[in-house]
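No experiment lies behind these values; they were computed from the predicted model shown. When a ligand or atom number is given, it counts from 1 through the structure's own listing order.
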Amino acid sequence: MLRIDGYTRLCGLIGNPVEHTVSPVIHNTLAQMEGRNLVYVPFHVEEGQIKKAVEGAYALNILGMNVTVPYKREVINCLDEIDGIAGKIGAVNTLVRTSQGYKGYNTDATGLYRAMCSEGIKIEGEEILVLGAGGAARAAAFLCVLKGALKVYILNRTKERAQMVAEEVNGQCKTECVEGMGIDGYKNLPEDKKYLAIQATSVGLFPHTQEAVISDKGFYRRVHTGFDLIYRPSCTKFMKLVREAGGRSYHGLKMLLYQGIEAYELWNGISVSQKDALLVYAKMKEAMGIEE
Ligand code: ATR
């Protein structure tokens, strides 16, 4: 039974749209499992209202917020403080209440890292292909560099955007290991080398389940592991093509799980065990109608 009383703490999600989010399942399940008096609610915030929304949340004693599209950059102007990695990435998806205001974090990146670790995927010393140059790709490229990748190639339909992101990551991280290319830039890479590929474009997202950003088998022969940030559908065309070429592939639902778990941990000052994380994961899959 859901308990709401005068001691109930509130957390939530700010975005537009927020109607299809699975995040309430993550946080409300965790709170219930822990017996914590906390509820998590999505808030649909209209364009131009983000500052008021954050100030209002603070005034209402709200413990923490997640932030989603389209406010992950804009919300930075509404913070009292920003975590180092989130500041480098230039995007915030989690607000943690402090005595002065909110501190911003990026648990998309750390959640992706935790998801990859849980699947046994290594970043350190690896050569990595990041597909896309939007917000998700930027966070993935930063993470790869911060976790010691040897080389990161950003491949994007709009080559200039890939080059801009590469330049920015190199500049922020004082490295030269990131290179931006057009989407077929892989053709210039050695054919006998295998890479980890992170799919961070929106191509293949439901309902366009038969699309992949690259369909050339020559690309997939170069991939030992494919990680798609998309989780709807749970097996994307990109994942199928990686498997057909003999590689392993994963969808992005564990990234979603761990970005939520990391936020919950920050809000409540606790660590969630691996066992509990997997129980939450099962609840998410159930809520989304995913079987495997
Ligand atoms: P997000 O912030 O969620 O990553 P985004 O900023 O809209 O979203 O970025 C979407 C990414 O998918 C971009 O890299 C985009 O390529 P462009 O920079 O060339 O626009 C990529 N993308 C979207 N549709 C695509 C398509 N049909 N073919 C190839 N790439 C596509």
Pairs under 3.5 angstrom only: tabulate donor-acceptor contacts from the side chains of residues 265-277 to other protein residues two or more places apart or in another chain.
residue : atom : partner : partner atom : Å
Glu265  : OE1  : Arg114  : NH1          : 3.0
Glu265  : OE2  : Arg114  : NH2          : 3.1
Glu265  : OE2  : Val272  : N            : 2.7
Trp267  : NE1  : Leu95   : O            : 2.9
Asn268  : ND2  : Tyr264  : O            : 3.1
Ser273  : OG   : Asp276  : N            : 3.1
Gln274  : OE1  : Tyr258  : OH           : 3.2
Gln274  : NE2  : Tyr258  : OH           : 3.1

Output for pair (Ile290 CD1, Arg232 CZ), nearest 0.5 Å, gives 7.5 Å
Once ring pair (Phe, Tyr, Trp, His ring centres under 6.0 Å) is applied, what residue pairs with a partner in residues 172-192 remain, sequence neighbours excluded?
Tyr186-Phe219
Quick check: do Phe238 and Thr201 have side-chain heavy atoms less than 4.5 Å from each other?
no
Scan residues 144-165 for pairs that pass side-chain hydrogen bond (donor to acceptor under 3.5 Å, both in side chains), counting only residues two or more places apart or in two chains.
Lys151-Glu179
Might you list the protein residues in contact with ligand 1, defined as having a heavy atom under 4.0 Å from one of its atoms, sorted by chain and number?
Gly132, Ala133, Gly134, Gly135, Ala136, Asn156, Arg157, Thr158, Arg161, Thr201, Ser202, Val203, Val213
Value rounded to 0.5 Å, distance of CZ in Arg138 from CG in Asp108:
12.0 Å
